[in-house]
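We name chains A, B, ... by the order of the sequence lines, and we start the count at 1 in each one.
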There are 2 protein chains.
Amino acid sequence: MSQEIPEIIIGRLPLYLRALKRLKMTGQGYTSSKELGEVLNLSPAQIRKDLSQFGELGTRGQGYQIKFLINKLHQILNLERTHDMAIVGAGDVGEALAKYKNFIHCGFQVTTIFDNDEEKIGTKMSGIVVQNSAEMTRVIIEKEIEIALLTTPAKSAQEVADQLVKAGIKAILNYAPIELKVPEGVHVEHIDPAVHLQKLSYYLG
Amino acid sequence: MSQEIPEIIIGRLPLYLRALKRLKMTGQGYTSSKELGEVLNLSPAQIRKDLSQFGELGTRGQGYQIKFLINKLHQILNLERTHDMAIVGAGDVGEALAKYKNFIHCGFQVTTIFDNDEEKIGTKMSGIVVQNSAEMTRVIIEKEIEIALLTTPAKSAQEVADQLVKAGIKAILNYAPIELKVPEGVHVEHIDPAVHLQKLSYYLG
DNA sequence: TAGATTGTTAATCGATTAACAATC
DNA sequence: TAGATTGTTAATCGATTAACAATC
């Protein structure tokens, strides 16, 4: 049935989900593409087009039932179960992510932390014992970890990514300031605050 | 001369800059759109098109002089001076950003931290005294802070953004999981790890 | 000169928007 | 029935790519 949905649409689904959860808290049962558009600064047409990729999720004349649509998005985005994640790199960024409270509430949890620094191995970070990176492949497979949060320095990021791919990881959230090479079928998202700031800086001119 | 450059192009310039700095470290003097494309997983044509928006920055037959192009991008992106930033919200995310080491090396520095929690006001976070949010407008103007890192809970984010706008802030890096409404001329970039993870999660299905 | 690579035009591709019949 | 709002088609818009003359 469903043929290849454009990545740009997949990227918007979490925003829809976030907005819907927010609207649900206000107590209302239904919303419309118009209302969602206002909340998200998107056009109603775009929202209808995006959602229609996954079937007829609304009702003409009434709009979208919030509860139903949240459920549907959970299904589509594979959020019906919690995903286990590993942090690779027990530096400041790794620590911040280990402490980050929103994850569990969004369907994710950090279960494992790796580092190659002898000083750090065996110590606890946010309640989790830091393990030796040398054990990474084995542990990832054993614990069925699905997602890696890559927080090593740029220098070693590609090497670590290669190991993660070997361990069967298909999803990497990359905090290292470098573009990673990964084979087809492995997905990488990038977060680099400096890149965002430099973009903002342009508009200060 | 230069008429309205598309935002999508501005967003790629920091990536070019990052890649160029990396190439410079290898010691080579020139690069090409082909090489940059390989490093960044972009097409050479796109890189040439993007750069040509800002004049003839390369030399036919030779490519781009790395030093010159880095300089030029610094000019374009307003990175020839350091930008002062304020963190609003002294929680875990705020703390992580206060500690983040890459900023200064990219042309940014955190000079001020605000919070409205009596317990936190007056304490130090990464060497910076947390100030009362009630003083925010005054302090931002006095210290000529240009960029705000918004790390409050979603609940208060819009209200804080409104105050920031009143204080004359034109650039906000928003870590709160909510879309902000800001007037024309104010620029917002969003960072929400959960949104990236939920996108990745789709591809695990 | 031959090889390399830019800057730029035209062609292609894909995403967004407008419009409206369907239908609650 | 009248009003509202979806799902979908067609039109528009903008971004990417291909191709090549210019030129080092």
Compile the donor-acceptor pairs under 3.5 Å between side chains in residues 198-205 of chain B and protein atoms, sequence neighbours left out, one pair per line.
from     : atom 1 : to       : atom 2 : distance (Å)
B:Lys199 : NZ     : A:Glu7   : OE2    : 2.9
B:Lys199 : NZ     : A:Glu189 : OE2    : 3.0
B:Ser201 : OG     : A:Leu77  : O      : 2.5
B:Ser201 : OG     : A:Asn78  : O      : 3.3
B:Ser201 : OG     : A:His83  : NE2    : 3.1

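- For residues 10-21 of chain A, the pairs satisfying side chain to side chain donor-acceptor pair (under 3.5 Å) are A:Arg12-A:Asp50, A:Tyr16-A:Asp50, A:Arg18-B:Asp192, with sequence neighbours left out.
- Computed from coordinates, the B:Leu57 CG to C:dG7 C1' distance equals 10 Å when rounded to whole Å.
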Response to the item:
With both pairing distances under 3.5 angstrom for Watson-Crick or G-U wobble, and | for a partner in another strand, the correct string for DNA chain D is ..||||||||||||||||||||||
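- The interatomic distance linking A:Phe68 (CZ) with D:dT6 (P) rounds to 14 Å, in whole Å.
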Sequence neighbours left out, cut at 3.5 Å: what donor-acceptor pairs do the side chains of residues 36-44 of chain B make with other protein atoms?
from    : atom 1 : to       : atom 2 : distance (Å)
B:Asn41 : OD1    : A:Lys181 : NZ     : 2.6
B:Ser43 : OG     : B:Gln46  : N      : 3.1

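- The pair B:Arg81-B:Glu146 meets the salt-bridge criterion, with a side-chain N (NZ, NE, NH1 or NH2) lying under 4.0 Å from an Asp/Glu carboxylate O.
- For the OP1/OP2 pair of D:dT6 and a distance below 4.0 Å, the side-chain nitrogens and oxygens of A:Tyr30 include no atom meeting the criterion.
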Item to complete: Report, as a single string ordered 5' to 3', how protein heavy atoms within less than 4.0 Å touch nucleotides 15-24 of chain C: B base, S sugar-phosphate only, - not at all.
Response: SBBBB-BBBB
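- Residues satisfying the side chain to side chain donor-acceptor pair (under 3.5 Å) criterion with B:Lys155, sequence neighbours excluded, are absent altogether.
- Atom CD of B:Glu35 and atom P of C:dA4 are 15 Å apart (whole Å).
- DNA chain D is contacted by no residue of residues 180-190 of chain A, taking any non-hydrogen atom closer than 4.0 Å.
- A:Tyr16 places its OH atom 12 Å from the P atom of D:dT6, with the value rounded to the nearest Å.
- Sorted by first and then second residue, the salt bridge (Lys or Arg N to Asp or Glu O under 4.0 Å) pairs involving residues 52-72 of chain B (not counting sequence neighbours) form an empty list.
- One interatomic measurement links the two molecules: CD of A:Gln53 to P of D:dT9, which rounds to 12 Å at whole-angstrom precision.
- In this structure, A:Ile5 places its CD1 atom 15 Å from P of C:dG14, rounding to the nearest Å.
- The list of side chain to side chain donor-acceptor pair (under 3.5 Å) pairs with a residue in residues 134-143 of chain A, not counting sequence neighbours, reads A:Thr112-A:Lys143, A:Glu135-A:Arg138, A:Arg138-A:Glu142.
- B:Ser156 meets the side-chain contact (heavy atoms from CB on, under 4.5 Å) test with B:Thr152, B:Pro153; sequence neighbours excluded.
- Distance CG (B:Leu36) to P (C:dA4): 19 Å, rounded to an integer number of Å.
- Remark: B:Asp162 engages B:Gln158 in a side-chain contact (heavy atoms from CB on, under 4.5 Å) (not counting sequence neighbours).
- Under the rule for a side chain to side chain donor-acceptor pair (under 3.5 Å), B:Asn71 has no partner lying at least two apart in sequence or in another chain.
- Residues B:Leu69 and B:Leu51 have side chains in contact (heavy-atom distance under 4.5 Å, counting atoms from C-beta outward).
- Atom P of nucleotide C:dT8 and atom CZ of B:Phe54 are separated by 13 Å, given to the nearest angstrom.
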